[in-house]
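Here the structure comes first, spelled out in structure tokens, and everything after it is commentary.
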Amino acid sequence: MASIKGYRGRGIALHAVLVLGLLLSAFPFYWAVIMSTHTSTEIFSYPPKLLPGSHFLENVRSLFDNIDFFGSMFNSLLVAVSVTVLVLFFDSLAAFVFAKFAFPGKRVLFALLMLIFMVPMQLQAIPQFVIMAKLGWIGSMTSLIVPAAANAFGIFWMRQYMKSAIHDELIDASKLDGAGFLRQYWHVALPVVRPGLAFLGIFTFMGQWNDYAWPLIALTNPDNVTLQVALSQLNGTHGTTDYGMVMTGALLALVPLLIVFAIGARQIIGDLAKGAVRG
């Protein structure tokens, strides 16, 4: 009986810690919602206002008057979706080769991949800009999509996932059935690694959606910018920034991220649950 009470006590304590962690994690989002419903004066008032105000629609109108919100959101969606699809295809294809096939120079190529992985993105900006300028892509969405179509992290992540998730017996059985490389990739590898692809898709989409530095450099036309660059234009000078409007824009920019995360997380949890039932 004492052990049962101790087990219940530990369970209650664990749930209390989890609830506290959830509240702490959700508070920044709640605070963003609160600030988007107030004016700048109310945001900086003391004591701080913890309940919603009545200026949300006014802030939304100011936001739409100052920037082309939906146009820049479309640009961000175009870039983020295109890059995510390309990364999922190219990175998983390369990872499948590195994980399950032997070929000359495999170790050297993977070592070079890891070296690329460790190079900071800031060091790549200047040579990347020069290449995009010579190709005539500066100012277009192509300069954002093509350089990000594959990355070292995605290949490394999917390789590690495939090494443990795809058993060699599956590859051997598909070869006996006459499946070529692409059929092995499409019908054997991809169905098994969907949780890994879901994570990589969420990670890539969020990274591209939130990217600010490279779009600011590559998109020289101020009328053809992504959402993050457009939102940065809301910052005024000499302390004239309307923080209620800025927080409204930041809040609306979170909506696609929440949708993508919900879809991807559901895929991850569903596939893991199926694996647990099969196990």
Side-chain angles (χ1 to χ4, degrees), residues 18 21-38 43 52 56-57 59-60 62-64 66-92 121 141 143-145 147-151 153-154 157-158 161 194-219 224-235 241-272:
L18 292 175
L22 175 63
L23 293 176
L24 292 175
S25 301
F27 182 77
F29 179 76
Y30 172 78
W31 186 239
V33 174
I34 295 301
M35 286 194 290
S36 68
T37 62
H38 290 287
I43 289 174
F56 179 73
L57 294 180
N59 291 333
V60 170
S62 298
L63 175 68
F64 292 165
N66 281 273
I67 62 172
D68 182 10
F69 182 83
F70 290 107
S72 56
M73 176 177 277
F74 174 78
N75 292 337
S76 289
L77 282 174
L78 175 63
V79 173
V81 172
S82 301
V83 170
T84 301
V85 172
L86 291 173
V87 164
L88 290 179
F89 174 69
F90 287 122
D91 285 10
S92 62
M121 292 299 298
M141 295 300 162
S143 63
L144 305 184
I145 296 173
N151 59 69
F153 168 76
W157 161 253
M158 291 307 303
Y161 196 94
R194 283 186 300 180
L197 287 173
F199 167 79
L200 181 59
I202 294 173
F203 182 84
T204 303
F205 186 93
M206 293 179 64
Q208 291 301 314
W209 183 265
N210 292 324
D211 191 16
Y212 171 74
W214 178 242
L216 180 65
I217 297 171
L219 299 179
N224 188 29
V225 297
T226 57
L227 185 56
Q228 303 304 324
V229 178
L231 290 177
S232 69
Q233 298 172 358
L234 298 176
N235 294 320
T241 301
D242 185 346
Y243 289 99
M245 177 181 62
V246 172
M247 292 310 304
T248 301
L251 183 65
L252 294 179
L254 282 176
V255 174
L257 290 181
L258 295 176
I259 295 174
V260 169
F261 182 81
I263 296 173
R266 185 177 181 180
Q267 178 68 42
I268 293 173
I269 295 173
D271 283 344
L272 291 179

Between [Y] and [X], is there a side-chain heavy-atom distance shorter than 4.5 Å?
X: Leu254; Y: Phe29; result: yes
X: Phe69; Y: Leu227; result: yes
X: Leu234; Y: Leu63; result: yes
X: Leu23; Y: Phe27; result: no
X: Leu197; Y: Met158; result: yes
X: Gln233; Y: Asn66; result: no
X: Thr204; Y: Val83; result: yes
X: Asn224; Y: Met141; result: yes

Report task. In sequence, state the C-alpha distance, the side-chain angles, and the governing distance for Phe89 and Leu86, and then conclude on side chain to side chain contact (heavy atoms under 4.5 Å, CB included). Result -> CA-CA 5 Å; Phe89 174 69; Leu86 291 173; 5.9 Å; no
Closest contact, heavy atoms only, [X] versus [Y]:
X: Phe90; Y: Ala149; result: CD1-O, 3.7 Å
X: His38; Y: Pro52; result: NE2-C, 3.9 Å
X: Pro195; Y: Tyr161; result: CB-OH, 3.3 Å
X: Ala253; Y: Trp209; result: O-NE1, 3.0 Å
X: Gln208; Y: Val79; result: OE1-CG1, 3.9 Å
X: Ser36; Y: Leu251; result: OG-CD2, 3.4 Å

Please round to the nearest 0.5 Å and tell me the distance separating atom [atom1] of [X] and atom [atom2] of [Y].
X: Leu144; Y: Leu219; atom1: CG; atom2: CG; result: 4.5 Å
X: Asp68; Y: Asn75; atom1: CG; atom2: CG; result: 8.0 Å
X: Leu200; Y: Asn151; atom1: CG; atom2: CG; result: 7.0 Å
X: Phe64; Y: Met245; atom1: CZ; atom2: CE; result: 12.0 Å
X: Met73; Y: Thr226; atom1: CE; atom2: OG1; result: 11.5 Å
X: Leu231; Y: Ile67; atom1: CG; atom2: CD1; result: 5.0 Å

Query - Phe261 and Phe205 aromatic centres sub-6.0 Å - result: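 Not close enough - the centres of the two rings lie 6.0 Å or further apart.
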Query raised in the report: Between Trp157 and Phe199, is the ring centre distance below 6.0 Å?
Result: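 Between Trp157 and Phe199, the centre distance is under 6.0 Å.
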Query raised in the report: With Val229, which of Ser76, Ser72, Pro215 fulfils side-chain contact (heavy atoms from CB on, under 4.5 Å)?
Result: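 Answer after filtering Ser76, Ser72, Pro215: Pro215.
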Query - Contacts of Ser92 that satisfy side chain to side chain donor-acceptor pair (under 3.5 Å) - sequence neighbours left out - result: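 Ser92 satisfies side chain to side chain donor-acceptor pair (under 3.5 Å) with Tyr185 once adjacent residues are dropped.
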